[in-house]
Amino acid sequence: MNSDEIDIHKELKKYFGFSQFKGLQEQVIKSLLKKQNTFVIMPTGGGKSLCYQLPALIQEGTAIVVSPLIALMKNQVDAIRSLSSENGIAHVLNSSLTKTEITQVKKDITSGLTKLLYVAPESLTKEENVEFLKTVTISFVAIDEAHCISEWGHDFRPEYRNLKNIIKQIGEVPVIGLTATATPKVQEDILKNLDMSNATTFKASFNRPNLFYEVRTKTKNVESDIIRFIRQHKGKSGVIYCLSRKKVEAIAEVLKVNGISAVPYHAGLDAKTRAKHQDMFLMEDVEVVVATIAFGMGIDKPDVRFVIHHDIPKSLESYYQETGRAGRDGGEGHCLAYYSYKDVEKLEKFMSGKPVAEQEIGFALLQEVVAYAETSMSRRKFLLHYFGEEFDSETGEGADMDDNVRNPKSKVEAKDEVVKLLEVVRDTKHLYKSKEIVFTLIGRVNAMIKAHRTDVQPFFGSGAKHDEKYWMALLRQVLVAGYLTKDIETYGIVKINEKGLDFIQNPVSFTMSYDHEYNETEDEAIVSAAKSTAAVDEALMNMLRELRKKEAKKIGVPPFVVFQDPSLEDMALKYPISMEELVNIHGVGEGKAKKYGAAFITLINRYVEDNDIIRPDDLVVKSTGTNSANKLYIIQNIDRKLSLDDIAKAKGLTMDTLIKEMEQIVYSGTKLNIKYWVDEMLDEDQQEEIHEYFMESHSDSIEEALKEFEGEYDIDELRLMRIKFISEVAN
């Protein structure tokens with residue numbers, strides 16, 4: 001062993017207290033000490049910062065560390081100062097310093113005391129700073145989060161582009177670039193932009209075998225699902241990522257109301273609050289941080305046990321970065337993302353306002369996220385492939401740590417269907433978005449299809465033996481496989497490319513997997529979410545049904561008027577024994593509870609006592625009433641007899657959503673007098689006919705009513721009549 005080898009081990013022990021290096025650290029440090037340009041690609045939690053901290057501490061002069069975030073610098077400076085008796089050993093140079101502080105920093109650098117100087121790229125471009133740095137000894141320049149240089153990176157910062165010129169001005173010093181996430185495309189970009197094609201590159205494996213990857217359908221009931229998940233991981237730390245500040249606040253609020261200690265974190269909070277919330281999380285005064293992506297750059301909490309994505313991120317890099325904050329100590333880390341295609345469309349819409357070049361990149365990155373969420377192959381293999389790393393999903397480390405591998409989806413051969421789909425895209429001459437392509441295949445007409453006379457073409461309806469869901473799933477998988485492309489210029493239009501045209505000539509096997517179901521209705525979602533976590537008490541369910549029948553008979557109404565089935569199932573799951581708890585049952589509002597609740601509470605109380613039932617108090621998900629503003633608006637304006645179209649327009653709702661809101665209002669026991677509106681649609685005899693039908697029916701199902709009336713009434717007429725009926729008869 002030569003002397004410098006013994007040295008760096010000794011220094012490692014002296015400064016950091018470790019007796020050995022982790023992964024590639026030792027090789028990287030030796031490369032830097034030899035004054036070589038060095039490029040390090042190492043996943044979050046791999047010990048990146050030590051690669052430049054140790055060489056800085058043991059060499060003559062000051063190392064400049066360029067870093068994009070002020071909070072991140074502060075953390076690292078504090079950490080290094082704690083290793084030394086001298087405060088001046090590490091400094092920050094950024095816009096937050098006073099004149100006096102700047103003078104002190106320069107003094108410490110000049111005297112040789114400062115080993116690490118953290119700067120934001122903006123501060124480094126200031127003339128006077130560059131002039132000063134030219135006069136002192138610089139050991140090397142480290143560029144942290146180097147992916148900020150590439151517009152293909154997930155966090156592009158234009159000011160990073162100027163770094164190579166500034167470094168050249170400072171003098172001939174070695175450069176080390178570090179990043180935790182880089183696709184081959186981004187890596188090439190970084191080396192080119194830093195002008196260090198001669199750099200020695202060290203790339204650690206991106207596989208984090210201790211992380212479990214899971215994607216779930218995002219239903220309307222996502223908050224209950226998150227609460228249930230956190231309760232199953234009681235006492236553990238976690239981060240929930242949301243895309244908007246508003247969502248961050250709302251989720252943090254819902255968690256608090258439900259007894260989970262949580263704080264919000266986003267760039268809209270003042271610096272003091274942000275720092276306080278971050279510390280509370282680090283010190284374990286709170287279990288959960290709900291945050292936008294502003295949170296977590298360089299947060300060194302080793303025992304984050306779960307990372308939840310309430311909204312799907314804009315790129316797989318971001319996703320990898322953010323999930324990488326779980327399980328840094330090698331212990332368990334559960335990465336759960338909620339996915340709905342609606343969210344993706346929202347992100348696409350948001351992007352369509354940006355410059356075309358940016359849009360193209362944005363769409364390409366987003367398509368990868370869609371592919372990841374919908375894929376049925378090993379998620380780990382998919383992710384690592386994206387980062388240019390091969391993974392054997394049979395024998396690789398952590399191979400069974402994802403939902404797709406544990407619950408494989410069935411696959412079907414779809415070669416002929418792919419040809420059919422590609423031909424339709426080709427023969428409709430690139431006019432259509434996904435929806436029209438699918439409509440053409442299943443033979444459904446809309447205004448656009450009519451206008452282009454596609455409905456008279458021989459291929460119209462050629463795919464009618466499969467439904468819309470099937471074709472949508474196949475279309476997306478064919479897009480992801482690269483046989484079709486989505487046009488950026490004319491937003492969303494699907495085009496066929498060379499690869500697709502070739503497939504039509506020479507088809508090969510194409511296995512598709514059915515997508516997850518992404519359109520559960522609210523009732524089904526709530527009931528299925530509830531069922532999946534705990535079993536409904538069948539004995540109690542039967543007693544509740546009997547009681548409902550008896551109560552309904554007393555007042556001469558059908559049973560569903562008293563409580564709907566999902567409400568009874570929820571009661572048989574949560575055992576509410578007070579009015580307050582009953583109001584938290586699905587579909588029961590205060591009006592309903594007051595009117596019919598007493599008998600049900602009495603029955604459940606007795607049942608709980610007789611059977612020594614331990615009630616799952618954790619199943620009551622309380623809401624924060626964010627929707628109540630909408631509800632209040634609807635109730636007040638129906639009282640004023642405003643047209644429903646106007647009410648919907650004013651709140652930016654579709655008619656379908658407005659009717660859903662109205663259904664919730666009346667089913668929870670509040671009266672809505674919509675006679676004025678129904679009168680304009682249906683005459684007295686028609687109203688009476690539907691009223692009688694609901695009165696005598698055992699069910700309030702709209703499907704059954706549609707069958708019964710064989711198309712005499714459309715779905716909205718029946719739904720509005722049902723609202724009027726429940727309002728008059730039940731409330």
Side-chain angles (χ1 to χ4, degrees), residues 217-223 340-346 348-349 433-436 438-439 442 444-449 467-469 472 515 517-529 560 564-566 586-587 589 623 626-638 641-668 670 672-682 686-687 690 694 699-709 711-727:
T217 308
K218 184 174 181 180
T219 63
K220 292 199 173 100
N221 218 38
V222 63
E223 285 158 19
S340 89
Y341 201 70
K342 267 208 219 68
D343 283 358
V344 175
E345 286 170 337
K346 249 189 241 153
E348 288 185 331
K349 260 206 189 73
K433 296 186 181 180
S434 315
K435 188 169 97 179
E436 278 77 28
V438 170
F439 278 12
I442 61 178
R444 190 183 301 171
V445 181
N446 71 5
M448 193 160 176
I449 286 174
D467 63 0
E468 189 180 339
K469 270 204 212 85
M472 243 336 165
D515 278 355
E517 291 288 316
Y518 286 123
N519 56 354
E520 293 190 62
T521 66
E522 186 144 21
D523 285 351
E524 287 156 14
I526 289 189
V527 175
S528 66
F560 64 79
Q564 283 187 292
D565 273 358
H586 173 66
S623 93
T626 24
N627 271 348
S628 48
N630 261 1
K631 292 203 167 54
L632 198 63
Y633 182 86
I634 294 168
I635 294 165
Q636 286 170 342
N637 284 294
I638 284 177
K641 299 195 167 32
L642 212 65
S643 108
L644 296 191
D645 295 328
D646 290 348
I647 294 177
K649 215 186 255 125
K651 283 287 170 197
L653 305 171
T654 59
M655 200 47 163
D656 176 56
T657 315
L658 174 64
I659 294 178
K660 262 195 197 122
E661 291 266 1
M662 288 160 62
E663 284 166 348
Q664 279 185 342
I665 292 168
V666 297
Y667 273 115
S668 305
T670 304
L672 275 186
N673 185 2
I674 57 167
K675 183 172 173 1
Y676 71 95
W677 186 254
V678 176
D679 284 347
E680 289 191 10
M681 294 167 30
L682 303 166
Q686 292 174 307
Q687 289 185 40
I690 301 172
F694 280 126
S699 148
D700 60 346
S701 153
I702 292 290
E703 279 68 36
E704 288 183 25
L706 281 167
K707 272 194 208 121
E708 168 70 27
F709 289 114
E712 281 173 55
Y713 302 109
D714 73 25
I715 192 158
D716 282 358
E717 290 170 339
L718 289 172
R719 284 174 74 189
L720 288 163
M721 259 315 285
R722 181 174 68 174
I723 289 171
K724 178 173 180 279
F725 172 81
I726 295 285
S727 211

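Just so it is clear, the structure is predicted and the values come from calculations on it, not from any experiment. Scope of the values below: all heavy atoms of this structure, side chains included, with no hydrogens, waters or symmetry mates. Here, residue 1 is the first one in the sequence, and each next residue gets the next number.
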Not counting sequence neighbours, which residues clear ring-ring contact (aromatic ring centres under 6.0 Å, His included) with Y676? List them please.
none

Using modelled atom types only, decide if a donor and an acceptor are shared between the side chain of S727 and the backbone of L672 within a distance under 3.5 Å.
yes

Begin from the C-alpha positions of E663 and I726 and carry the test side-chain contact (heavy atoms from CB on, under 4.5 Å) through to its verdict.
CA-CA 9 Å; E663 284 166 348; I726 295 285; over 6 Å; no

Check against side-chain contact (heavy atoms from CB on, under 4.5 Å), K675 and V678
CA-CA 5 Å; K675 183 172 173 1; V678 176; 5.8 Å; no

When you compare the side chain of N446 with that of K435, does any pair of heavy atoms fall below 4.5 Å?
yes

Closest heavy-atom pair, S699 versus F694, reported as atoms and distance to 0.1 Å, is O-CD2, 4.5 Å

Residue pair L706, I715: steps toward the side-chain contact (heavy atoms from CB on, under 4.5 Å) verdict:
CA-CA 7 Å; L706 281 167; I715 192 158; 4.2 Å; yes

Any I638 side-chain heavy atom under 4.5 Å of W677 side chain
no

Would you compute the distance between atom CG of L718 and atom CD1 of I723 and round it to the nearest 0.5 angstrom?
11.5 Å

Rounded at 0.5 Å granularity, tell me how far CD1 in I634 sits from CG in L642.
11.5 Å

Derivation and outcome, side-chain contact (heavy atoms from CB on, under 4.5 Å), residues M662 and L644
CA-CA 10 Å; M662 288 160 62; L644 296 191; 4.0 Å; yes

Sorted by chain and residue number, the ring-ring contact (aromatic ring centres under 6.0 Å, His included) partners of F560 (sequence neighbours excluded) come out as none

CD on E661 to OH on Y633, rounded to 0.5 Å
13.0 Å

Short question: side chain of R722, backbone of D700 - any donor-acceptor pair under 3.5 Å?
yes

Taking ring-ring contact (aromatic ring centres under 6.0 Å, His included) as the test, write out the residues that go with F439, two or more places apart.
none

Sort and list the pairs that fulfil salt bridge (Lys or Arg N to Asp or Glu O under 4.0 Å) and have at least one residue in residues 641-654, not counting sequence neighbours.
none

Which residues pass the side chain to side chain donor-acceptor pair (under 3.5 Å) test with E717, not counting sequence neighbours?
none

Between K631 and Q664, is the side-chain hydrogen bond (donor to acceptor under 3.5 Å, both in side chains) condition met? List the steps.
CA-CA 9 Å; K631 292 203 167 54; Q664 279 185 342; 3.2 Å; yes

Donor-acceptor check, side chain of S701 to backbone of E703, threshold 3.5 angstrom: yes or no?
yes

Of all heavy-atom pairs linking D716 and D714, the shortest is N-OD1, 3.1 Å

What are the two closest non-hydrogen atoms of I647 and L658, and how far apart are they?
CG2-CD1, 4.0 Å

Contacts of Q686 meeting side-chain contact (heavy atoms from CB on, under 4.5 Å) (sequence neighbours excluded), chain-then-number -> L682, D683, Y713

Taking side chain as C-beta onward, heavy atoms only, is K724 less than 4.5 Å from I690?
no

